[in-house]
K.L.:
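I have a structure I would like to understand better, so I am pasting it below and will then ask my questions one at a time.
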Amino acid sequence: MTVESTAARKPRRSAGTRKSPSTKPELVQLLTPEGKRVKNVAYDKYVADITPEELRGLYRDMVLTRRFDAEATSLQRQGELGLWASLLGQEAAQIGSGRALRDDDYVFPTYREHGVAWCRGVDPTNLLGMFRGVNNGGWDPNSNNFHLYTIVIGSQTLHATGYAMGVAKDGADSAVIAYFGDGASSQGDVAESFTFSAVYNAPVVFFCQNNQWAISEPTEKQTRVPLYQRAQGFGFPGVRVDGNDVLASLAVTKWALERARAGEGPTLVEAYTYRMGAHTTSDDPSKYRADEEREAWEAKDPILRLRRYLESSNHADEGFFAELETESEALGRRVREAVRAMPDPDRFAIFEHAYADGHALVDEERAGFAAYQASFADGEGA
């Protein structure tokens, strides 16, 4: 029997089905899904002095962020927004990390960081203006130290790294944080950011919200190891935190930011969470993931988790929850009224600034689009 025929008889395992190492990834958790407080020697000190009022504040942040997000989804379904990227299920990762920041820290978001924007004082209606197409963000990044949303996947990590290098050269003790998702972790820009930040010891925290689905692509199709372990190859620490645990997200981010400010360089934080809704309102997650998976993660809901802890610790009563519900509904109404009061987008703005000196093809396309629009007024396009 030849070597070739022997090899042919053996089943071959493809690279995509190779098993990951059996060692279970370490997960930093301070609150269980049942709302039980658990001890962690390394990170307890970062939330040791948190007050009941601050805990209620974290809960309020998550509830109002979810209410705003739900209103935005509804507005898009009713034709008021062009698109919406929901954060449903990721509130704890965003609010925990967002509240860990100092005012002088600088944030580079993607397009789903509505909770972080809330923490930075960005008016929610400005976010909706961008998704309606009437502005490019609507806020001054330097007023909130919160950059405009970035649609190009992963590119903001390079911006954050360069900014952090500048912060270090200026001798400031502030830090920079870059948000991105598990899908963006496969982008070359992110790898370049890791390289530059490590070599130049940049004061930047890479905060990856691993919601386990890059649109319809599961994480295991992108990596053989947990995402936080990638940092080892670039020479800086990585840590995986329970992204549905607001206390753990707060503590781990505080730790990473303190490292950055102390001149110890970058950190990769992988917030292990779950996107309970669609990737965007143009997506149907039922096409690629099972209901059982979503239901299992709904049992780990970040808001319910903290509510259970507040109730069991007597840090909040029914009056607090009822008042917050009223505030939540008022926010929803304010957002809806603000969006409906916005002008319709300028349909022809897309043709502006395509070329510095104009272009015959753009002129032709503009004229064709104008004729198409006019056909509706004449009844031809109905």
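Small disclaimer: the values here were computed from a predicted structure and weren't measured.
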K.L.:
Just by distance, with hydrogens left out, do Glu270 and Asn210 show a side-chain donor and acceptor under 3.5 Å apart?
P.N.:
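On atom types as modelled, these side chains qualify, holding a pair under 3.5 Å.
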K.L.:
Just by distance, do the side chain of Asp182 and the backbone of Thr219 share a donor-acceptor pair under 3.5 Å?
P.N.:
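Checked: no pair found.
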K.L.:
Counting only N and O atoms by type, is there a donor-acceptor contact under 3.5 Å from the side chain of Ser97 to the main-chain atoms of Gln94?
P.N.:
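Such a contact is found between Ser97 side chain and Gln94 backbone.
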K.L.:
Same cluster or not: Val246 versus Met276, using hydrophobic residues (I, L, V, M, F, W, Y) connected whenever any side-chain heavy atoms lie under 4.5 Å apart?
P.N.:
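No, Val246 does not connect to Met276 through the hydrophobic network.
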K.L.:
Is a side-chain donor-acceptor pair under 3.5 Å present for Thr32 with Glu34?
P.N.:
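Per modelled atom types, Glu34 and Thr32 side chains form a pair under 3.5 Å.
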K.L.:
Is Asn136 atom CG crowded by more than 12 heavy atoms from other residues, nucleotides or ligands, each under 6.0 Å away?
P.N.:
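For Asn136, atom CG is not crowded (no more than 12 foreign heavy atoms under 6.0 Å).
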K.L.:
For atom CD of Glu323, decide whether the heavy atoms of other residues, nucleotides or ligands shown that lie under 6.0 angstrom number more than 12.
P.N.:
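No.
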K.L.:
Test your reading of the model: is there a side-chain donor-acceptor pair from Arg259 to the backbone of Pro266, 3.5 Å cut-off?
P.N.:
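Present.
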K.L.:
State, with a plain yes or no, whether a side-chain heavy atom of Val28 is found less than 4.5 Å away from one of Asn40.
P.N.:
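They are in side-chain contact.
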K.L.:
Can Leu158 be reached from Val205 by stepping across I, L, V, M, F, W or Y side chains whose heavy atoms are under 4.5 Å apart?
P.N.:
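Different hydrophobic clusters.
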K.L.:
Between Asp242 and Lys300, does any NZ, NE, NH1 or NH2 come within less than 4.0 Å of an OD or OE carboxylate oxygen?
P.N.:
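No, Lys300 and Asp242 are not salt-bridged.
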K.L.:
If we only count heavy atoms from C-beta on, is the Tyr272 to Gln212 side-chain gap below 4.5 Å?
P.N.:
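Yes, their side chains come closer than 4.5 Å.
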K.L.:
Just so I know, are the side chains of Leu361 and Glu364 near enough to count as touching, which here means a heavy-atom distance under 4.5 Å?
P.N.:
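In short, these two side chains touch, coming nearer than 4.5 Å.
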K.L.:
Do Asp123 and Asn126 make a side-chain contact, defined as non-hydrogen atoms from C-beta onward lying under 4.5 Å apart?
P.N.:
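Yes - at least one pair of side-chain heavy atoms lies under 4.5 Å apart.
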K.L.:
Tell me every residue that passes side chain to side chain donor-acceptor pair (under 3.5 Å) with Ser186, counting only those two or more places apart in sequence or in another chain.
P.N.:
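Ser186: side chain to side chain donor-acceptor pair (under 3.5 Å) contacts with Gln222.
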K.L.:
Please determine whether a side-chain nitrogen of the Lys or Arg among Glu329 and Arg333 lies less than 4.0 Å from a carboxylate oxygen of the Asp or Glu.
P.N.:
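Salt bridge absent between Glu329 and Arg333.
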K.L.:
Do you know which two heavy atoms are closest between Arg112 and Ser86, and how far apart they sit?
P.N.:
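The pair with the smallest heavy-atom distance is NH1-O, 2.7 Å.
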K.L.:
Got a second to check how far Met62's CE is from Thr65's OG1, nearest 0.5 Å?
P.N.:
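These two atoms lie 9.0 Å from each other.
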K.L.:
For a quick test of your reading: what N or O donor-acceptor pairs under 3.5 Å do the side chains of residues 147-157 make, sequence neighbours left out?
P.N.:
| residue | atom | partner | partner atom | Å |
| --- | --- | --- | --- | --- |
| Tyr149 | OH | Glu113 | O | 3.3 |
| Tyr149 | OH | His114 | N | 3.2 |
| Tyr149 | OH | His114 | ND1 | 2.8 |
| Ser155 | OG | Val152 | O | 3.2 |
| Gln156 | NE2 | Tyr179 | O | 2.7 |
| Thr157 | OG1 | Gly154 | O | 2.7 |
| Thr157 | OG1 | Ser193 | OG | 2.8 |

K.L.:
Do Tyr372 and Phe351 sit in one hydrophobic cluster, given that two such residues count as connected whenever their side-chain heavy atoms are within less than 4.5 Å of each other, even indirectly?
P.N.:
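Tyr372 and Phe351: one cluster.
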K.L.:
Are the side chains of Pro285 and Asp283 in contact, using a 4.5 Å heavy-atom criterion?
P.N.:
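The answer is yes; the side chains approach within 4.5 Å.
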K.L.:
Just verifying a value: how many Å separate Leu81 CG and Thr281 OG1, rounded to the nearest 0.5 Å?
P.N.:
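The OG1 atom of Thr281 is 8.0 Å from CG of Leu81, to the nearest 0.5 Å.
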K.L.:
Taking side chain to side chain donor-acceptor pair (under 3.5 Å) as the test, write out the residues that go with Arg336, two or more places apart.
P.N.:
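Arg336 satisfies side chain to side chain donor-acceptor pair (under 3.5 Å) with Glu71, Ser74, Gln78 once adjacent residues are dropped.
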K.L.:
Determine yes or no for a side-chain-to-main-chain donor-acceptor pair under 3.5 angstrom, with Arg56 supplying the side chain and Ala316 the backbone.
P.N.:
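A pair under 3.5 Å: no.
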K.L.:
Report yes or no: does Arg67 contribute a side-chain atom to a donor-acceptor pair with the main-chain N or O of Ala330 at less than 3.5 Å?
P.N.:
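Answer holds: no.
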K.L.:
Within a radius of less than 6.0 Å around OH of Tyr288, do more than 12 heavy atoms belonging to other residues, nucleotides or ligands occur?
P.N.:
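Correct, the count exceeds 12.
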K.L.:
Side chains of Ile177 and Leu101: closer than 4.5 Å at any heavy-atom pair?
P.N.:
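Of all side-chain heavy-atom pairs linking Leu101 with Ile177, at least one is under 4.5 Å.
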K.L.:
Please check: side-chain N/O of Arg132 versus main-chain N/O of Glu80, any donor-acceptor pairing under 3.5 Å?
P.N.:
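Judged by distance alone, yes, a pair lies under 3.5 Å.
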K.L.:
Tell me whether Val252 shares a hydrophobic cluster with Ile50, the cluster being built from Ile, Leu, Val, Met, Phe, Trp, Tyr side chains joined at under 4.5 Å.
P.N.:
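Yes; Ile50 is reachable from Val252 via cluster members.
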K.L.:
By side chain to side chain donor-acceptor pair (under 3.5 Å), which residues pair with Arg37, not counting sequence neighbours?
P.N.:
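Only Asp44 meet the side chain to side chain donor-acceptor pair (under 3.5 Å) criterion with Arg37.
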K.L.:
For the side chain of Asn144 and the backbone of Phe146, is there at least one donor-acceptor N/O pair under 3.5 Å apart?
P.N.:
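No; zero donor-acceptor contacts below 3.5 Å.
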K.L.:
Please report the shortest heavy-atom distance between Gly89 and Pro302, naming the atom on each side.
P.N.:
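Result for this residue pair: O-CG, 3.8 Å.
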K.L.:
So that I know where these two stand, are Tyr43 and Trp255 an aromatic pair - ring centroids less than 6.0 Å apart?
P.N.:
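That pair passes the under 6.0 Å test.
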K.L.:
Without swapping roles, check the side chain of Arg230 against the backbone of Leu268 for a donor-acceptor pair under 3.5 Å.
P.N.:
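Absent.
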K.L.:
Regarding Trp118 and Asp61, do their side chains bring together a donor and an acceptor under 3.5 Å, going by distance alone?
P.N.:
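A pair is found: one side chain offers a donor N or O, the other an acceptor, under 3.5 Å apart.
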K.L.:
With a cut-off of 6.0 Å (strictly less than), are more than 12 heavy atoms of other residues, nucleotides or ligands near CZ of Arg289?
P.N.:
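Counting other residues, nucleotides and ligands, CZ of Arg289 exceeds 12 neighbours.
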K.L.:
Cut-off 3.5 Å, side chains only: do Trp84 and Asp69 have a donor facing an acceptor?
P.N.:
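A pair is found: one side chain offers a donor N or O, the other an acceptor, under 3.5 Å apart.
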K.L.:
Between Arg120 and Val122, is there a donor-acceptor pair closer than 3.5 Å when you use the side chain of the first and the backbone of the second?
P.N.:
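No, Arg120 side chain to Val122 backbone: no donor-acceptor pair under 3.5 Å.
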K.L.:
Apply salt bridge (charged side-chain N to carboxylate O under 4.0 Å, His left out) to Arg102 and list each qualifying residue two or more places apart in sequence or on a separate chain.
P.N.:
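Arg102 satisfies salt bridge (charged side-chain N to carboxylate O under 4.0 Å, His left out) with Asp104, Asp173 only.
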K.L.:
Is it the case that Gln90 and Tyr274 place a side-chain donor and acceptor less than 3.5 Å from each other?
P.N.:
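Result is no, nothing qualifies.
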K.L.:
Compare all side-chain heavy atoms of Thr51 with those of Glu54 and state whether any distance is below 4.5 angstrom.
P.N.:
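Counting from C-beta outward, Thr51 and Glu54 do come under 4.5 Å.
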K.L.:
Would you call Asp301 and Arg307 a salt bridge, taking side-chain N to carboxylate O under 4.0 Å as the test?
P.N.:
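Answer for the salt bridge query: no.
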K.L.:
Please evaluate residues Glu298 and Arg294 with respect to the criterion salt bridge (charged side-chain N to carboxylate O under 4.0 Å, His left out), reporting the C-alpha separation (whole Å), side-chain torsions for both, the decisive distance (0.1 Å), and the verdict.
P.N.:
CA-CA 6 Å; Glu298 286 177 347; Arg294 175 182 51 78; 2.7 Å; yes
K.L.:
Is the NZ or CZ atom of Arg240 positioned over Tyr228's six-membered ring, under 6.0 angstrom from the centre and within 45° of the axis?
P.N.:
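The answer is no; the distance or angle limit is not met.
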K.L.:
With a 6.0 Å cut-off (strictly less than), is the heavy-atom count around CG of Leu83, excluding the residue itself, greater than 12?
P.N.:
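Counting neighbours around CG of Leu83, more than 12 heavy atoms of other residues, nucleotides or ligands fall under 6.0 Å, so yes.
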K.L.:
Is it true that, when you exclude Glu352 itself, more than 12 heavy atoms of the residues, nucleotides or ligands shown sit nearer than 6.0 Å to its CD?
P.N.:
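Atom CD in Glu352 is packed in, count exceeds 12.
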K.L.:
Test side-chain hydrogen bond (donor to acceptor under 3.5 Å, both in side chains) on Glu293 and Trp213 and set out the steps.
P.N.:
CA-CA 12 Å; Glu293 178 184 281; Trp213 288 95; 2.8 Å; yes
K.L.:
Decide whether Asn244 and Thr273 meet the rule of one side-chain donor and one side-chain acceptor closer than 3.5 Å.
P.N.:
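Side chains of Asn244 and Thr273: pair found under 3.5 Å.
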K.L.:
If you take the centroid of each ring, where Trp contributes its six-membered ring, are Phe236 and Phe194 closer together than 6.0 Å?
P.N.:
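Close enough - the centres of the two rings lie under 6.0 Å apart.
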K.L.:
If you take the centroid of each ring, where Trp contributes its six-membered ring, are Phe321 and Tyr59 closer together than 6.0 Å?
P.N.:
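Yes, ring centres under 6.0 Å apart.
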K.L.:
Nearest 0.5 Å please: distance from the CZ atom of Phe207 over to the CG atom of Leu257.
P.N.:
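Atom-to-atom, Phe207:CZ and Leu257:CG are 10.0 Å apart.
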K.L.:
Measure across Gly82 and Gln76 and return the closest heavy-atom pair with its distance rounded to 0.1 Å.
P.N.:
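Residues Gly82 and Gln76, closest heavy atoms: O-NE2, 3.5 Å.
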K.L.:
Would you find more than 12 non-hydrogen atoms of other residues, nucleotides or ligands less than 6.0 Å from Tyr200 atom OH?
P.N.:
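It does not: Tyr200 OH has 12 such atoms or fewer within range.
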K.L.:
Please check if the side chain of Asn145 supplies one atom and the backbone of Asp103 the other of a donor-acceptor pair under 3.5 Å.
P.N.:
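Side chain of Asn145 to backbone of Asp103, a donor-acceptor pair under 3.5 Å: yes, one is there.
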K.L.:
Rounded at 0.5 Å granularity, tell me how far CG in Leu310 sits from CG in Asp317.
P.N.:
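Between atom CG of Leu310 and atom CG of Asp317 there are 10.5 Å.
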K.L.:
Flag the pair Leu64 / Leu324 as yes when at least one side-chain heavy-atom distance between them is below 4.5 Å, and no otherwise.
P.N.:
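They are in side-chain contact.
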K.L.:
State which residues pass side-chain contact (heavy atoms from CB on, under 4.5 Å) with Asp140; sequence neighbours excluded, sorted by chain then number.
P.N.:
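In terms of side-chain contact (heavy atoms from CB on, under 4.5 Å), with neighbours along the sequence ignored, Asp140 is linked to Asn142, Ser143.
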